[in-house]
Structures are given as structure tokens and as C-alpha cells.
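Heads up: the structure comes next, in C-alpha cells.
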Amino acid sequence: MKTRKGYKTYPLTVAQKFHNYYAQYCPGKEILNVGTSLTIEFELNLDELRKAIYKAYDRCESMRARLAYDKKEKEWYQYIVEKEDREIEFVDFTGKTMEEAESQMTAWTRVPFDKEDAPMNRVVIIRTPDNFEGMFIVGDHRFLDAQSLIGFLKDVIELYCNANFENIPYPADMRSYTEQVEKDLAYEAGSKAQARDRAFFRRLIEESEPIYNGIEGPEKLEAARKAAGNPNLKAGPTGSDSFAAAIDIFHLEEEPTRRLMSFCEQQHVSLQCLLIMGIRTCLQKLNNCDDVSMQVAYARRATLQEKKSGGTRIHCFPFRTVLSEEKTFLQGIHEIRDKQNEVFRYVNFNPAEYLSYRGEYYQTPRGLGYETISLTYQPATLREKGLTDLGGIRYKTKRYCNGYYSDGLYLTVMHRAEDNGLDFSFEHQTKAYTREQLEYFYYYICKIMFKGAESPNLKIGDIIKLI
């Protein structure tokens, strides 16, 4: 398929195909949906806001994407329409309760984008019961990830503010989505870089088999060993037999968040490294095991072109650390930093090929795995240069659950728009984990991070004992 409706078509990238892969096993295609609201404590000119949204569509190719299926090739293709002129609705929740408003936005999040040649997102201008105004957006994950979502919302706000307030600069141009897609496809078509990355990950896989660590301890691994009649089995169940999911969010206040950020600045490490250290040390404590693996999401947005081209660029890879309890917290976090810096160089590789090769190499039983949690840390925030000039206007953001998740547990850590504190959003299969279990896990992750930040030269084993 070279063209569709007069537009040039492109194959899906590896990052997009990954979403197709897990969606085929789910009873509802809304598993691909990402729903969010952004509201501001300010009376907006709704006509001007609508103009800003249309202008943001004009500036962002990936938000004008469409899908088409080639029946002969049995492949999906994508193309970009020239203009997004569909109606942008306004819904006023005044007189409703906040629960009713959020229930309606959750319902919008659960309507799949499963039609050919149709928009892959929906934007609704909203007024919430607490008199905040702004927008709700839901998009298909094949064309939207956390960073591109924030980028689009930020663009709308900056366009609106430039048109309606003095001394607010016009935002810098977005970058071409299709140019970035072409670069990704060139990499995937047997490039030297791809061969180098494949060699790196195969070498990593072949070093030794990882081991399952449960967020409640080794009970599920022991049960899997008993069921298989293999006391040396290293893989366990990472989820349940149901895709039904919920999101439970725990809030870390602004002041303790600032303490963690200050520690990271002093030690020249990213907050992602500190989060990995907290999670893997918690699993180490609960399972009495130094060898810990987890899935880590990499945004693949190092260049300005990648940061501003929209779309979805996330690749998830297992990240394994073997840290003795005799090592200090600081030694552990530096080891994570160095290993993360190494892995970053290779993350354009196909994660599905990685997992397939590892499963074949270790003959991992079908339905079992090694990583019980996936982590995304999203450093991008709406409170950046350009928006801070607006004074003390309060912002609110909220995620909405699409009702399904393909694996057991996915933790997204993001900065809140209103105070820059951290939200820990645990998306989980409801049959696999309860809110109480996740709250317990969150509590210990935070205790480890704060104890380590306060006393970085303490041994990991001592921190485990103290908490």
C-alpha cells in the first residue's frame, strides 16, 4: 500500500506493532486507549481554546494520523491527513459531582479507535464541577505516549496564552512525525545499528537466566515450581488470566519530592535511577534475593527531533541488577546509573525480538516470566519555562483507566501539574493485585528511597533491616 486517499502511507514502527501484539489477545480494543484531562483554575475563552486546539492539530502530524489495513499483505499502514476539521465538543459538568464527571471521562476512555480512516484521538473541552476549565483527551497508544501527550497539551496552552496574554512567546515549531517514522523504519530494515544492538542484547541474555521476584515475596514462584515439578524453575506468573484492570494512584507531596530530586542532583543521577533502586531493593527485601529484574520503559526521545515529533516511541526492556547487601546504597545507585547509560545506547532494538529470543534460549514455560513490574518515569512536566510566567494559576491533571491491562503491574511515575509532587500510578490487573497490596509496596519503595537519600553510605542490607 503506497497511498491511501491520496496520502502517502507508511508501515507501522516496532513501537506501534508492539501495541498491536498485546491488543490481539485482549477482549476489548480499548486496551490501547490513553485518557487524560488537564484543567486550569481560570475562566477560559472557549472559542479561543478551540482555535488553539485546531492550531495544535495543524502543528502535530501524529495527531492527524489514520490507519488503513492492506488485506493482501495483511499489514496495517498509517498516513497523515492534511487537516483536522472535526468538531471539538464542549461538555459542562457544572451541577454534577466530581465522581460523575470522572465517570463520564472514564467512559470516553473506554471507546476504542478501531476503525480504518478515522481519527485516532478525541479532544473534548470541559468545565468541571469545581469550576476548573480545560480539556479531556483520549488517544490510541499507537500514536500517543506520555511525552507526546504532554507535548500536545503544552502546545495548546502556549498557543492559547500567546493569543490571549501579553509577553507570552509563540511556541517553537513541532518536528515532523513522518520524517521520524522514516528514520525508524530505516533502522529496522537491517541497518548496521540494528545488528549492533541485537548483538548487545543477545550477549546480555546469554550471560545467565534471571529469576522471578514477586511484589509480595516468593510464594508465586514456589507455587509455579510445585506445579511444574521443577524446584529450579526461575520463571513465575507475572499477571493473571483476566485483562480487567484498574489504576490506583498514590501521591507523594511536594516537599518530600523535592528532597528526592535534591539527592539526585547532588549525586548526578536521574530520578529514574533512584526509582529503580527503590523498587529493586524492595523486591530484594521481600524475596531475600540479590538478583532482581524489572521492566523499564525507555522514551527514546534524546534528540530535539524525537522529543517534538509526537507519536509513540516507548520501548520496554528487562533491566536486571545483582546487588549484594554488602554494597552501599550509593554504590548500588551508581551501578544502576552506569548500566542505564549503557542500555540507553541500544534501546531502538525490537523488545518483542528480545523477549522471544530470551524465551527460546531459556525454554521459559509459556505464560511465565521474570519481571513482575514495569516502570515508566515521565520527567516532562507542564510547569516548564513558558508556563511559569502565568503566575499562580493552578493546574490539575488526571489519568483515566481504559479497563484493561495486558500484564500484571505497570507503575507510571509523573510530576503533578499543580505542585510538581509525584504521582505513583499503579495500573494493574485487578485479579492479580489489590489496592492494599500496592499501597504496602509503594510504602516500602518510598521508605527505601528516603532512607537511602538520607544515608547513602548505608549498606543495602542495613537499609533492608531498618525499614
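If you're wondering where the values come from, they're calculated on a predicted model, not measured in any experiment.
In this structure, OG in Ser62 is found 9.5 Å from CD in Gln78, a value given to the nearest 0.5 Å.
Under the 30°/60° scheme for interplanar angles, the aromatic rings of Phe317 and Phe201 are found to lie parallel. Ring pair Tyr57/Phe152 is tilted by interplanar angle, where 30° to 60° counts as tilted.
Not counting sequence neighbours, His334 has no partner by the ring-ring contact (aromatic ring centres under 6.0 Å, His included) test. With sequence neighbours left out, Glu353 forms a side chain to side chain donor-acceptor pair (under 3.5 Å) with Arg198. For Thr364, the side chain to side chain donor-acceptor pair (under 3.5 Å) partners at least two apart in sequence or on another chain are Tyr370. Remark: Tyr400 pairs with Ser37, Glu102, Met105, Thr106, Thr109, Phe136, Lys398 by the side chain to side chain contact (heavy atoms under 4.5 Å, CB included) rule, at least two apart or across chains. Partners of Ser148 under the side chain to side chain contact (heavy atoms under 4.5 Å, CB included) rule, at least two apart in sequence or in another chain, are Leu144, Asp145, Arg301. In this structure Asn33 satisfies the side chain to side chain donor-acceptor pair (under 3.5 Å) test with no other residue, sequence neighbours excluded. Listed by chain and number, the residues in a side chain to side chain contact (heavy atoms under 4.5 Å, CB included) with Lys5 are Tyr7, Tyr79, Asp117 (sequence neighbours excluded). Listed by chain and number, the residues in a side chain to side chain contact (heavy atoms under 4.5 Å, CB included) with Thr430 are Ala244, Ala246, His428 (sequence neighbours excluded). Under the salt bridge (charged side-chain N to carboxylate O under 4.0 Å, His left out) criterion, Glu206 pairs with no residue at all, not counting sequence neighbours. By the side chain to side chain donor-acceptor pair (under 3.5 Å) test, Tyr442 pairs with no residue at all, sequence neighbours left out.
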Using the salt bridge (Lys or Arg N to Asp or Glu O under 4.0 Å) rule, take Glu89 and Arg122 through it: C-alpha gap first, then chi angles, then the decisive distance, then the call.
CA-CA 9 Å; Glu89 313 152 69; Arg122 178 187 182 189; 2.9 Å; yes

Could you check Thr372 against Tyr212 for side chain to side chain donor-acceptor pair (under 3.5 Å), going step by step and ending with a plain yes or no?
CA-CA 7 Å; Thr372 52; Tyr212 176 98; 5.7 Å; no

Salt bridge (Lys or Arg N to Asp or Glu O under 4.0 Å) between Glu209 and Arg320, worked out:
CA-CA 10 Å; Glu209 186 179 11; Arg320 183 181 180 187; over 6 Å; no

Assess the residue pair Glu342 and Lys339 against the criterion (salt bridge (Lys or Arg N to Asp or Glu O under 4.0 Å)); give the C-alpha distance rounded to whole Å, side-chain angles, the decisive distance to 0.1 Å, and a yes or no.
CA-CA 5 Å; Glu342 181 182 30; Lys339 195 169 183 181; over 6 Å; no

Check against side chain to side chain donor-acceptor pair (under 3.5 Å), Gln180 and Asp184:
CA-CA 6 Å; Gln180 188 57 56; Asp184 291 341; 3.2 Å; yes

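Around atom NZ of Lys55, no more than 12 heavy atoms belonging to other residues, nucleotides or ligands sit under 6.0 Å away. When the shell of 6.0 Å around OH of Tyr21 is examined, it contains 12 or fewer heavy atoms from other residues, nucleotides or ligands.
Pairs passing the ring pair (Phe, Tyr, Trp, His ring centres under 6.0 Å) check and including a residue from residues 280-310, sequence neighbours excluded, read Tyr298-Phe344. Listed by first and then second residue, the ring pair (Phe, Tyr, Trp, His ring centres under 6.0 Å) pairs involving residues 173-199 amount to none (not counting sequence neighbours).
Electrostatic pairing of Asp248 and Arg435 counts as a salt bridge here, judged by a charged N lying under 4.0 Å from a carboxylate O.
Side-chain rings of Phe250 and Phe426 approach one another, their centers coming within less than 6.0 Å. In summary, the aromatic rings of Tyr433 and Phe441 are positioned with their centroids too far apart to meet the 6.0 Å limit.
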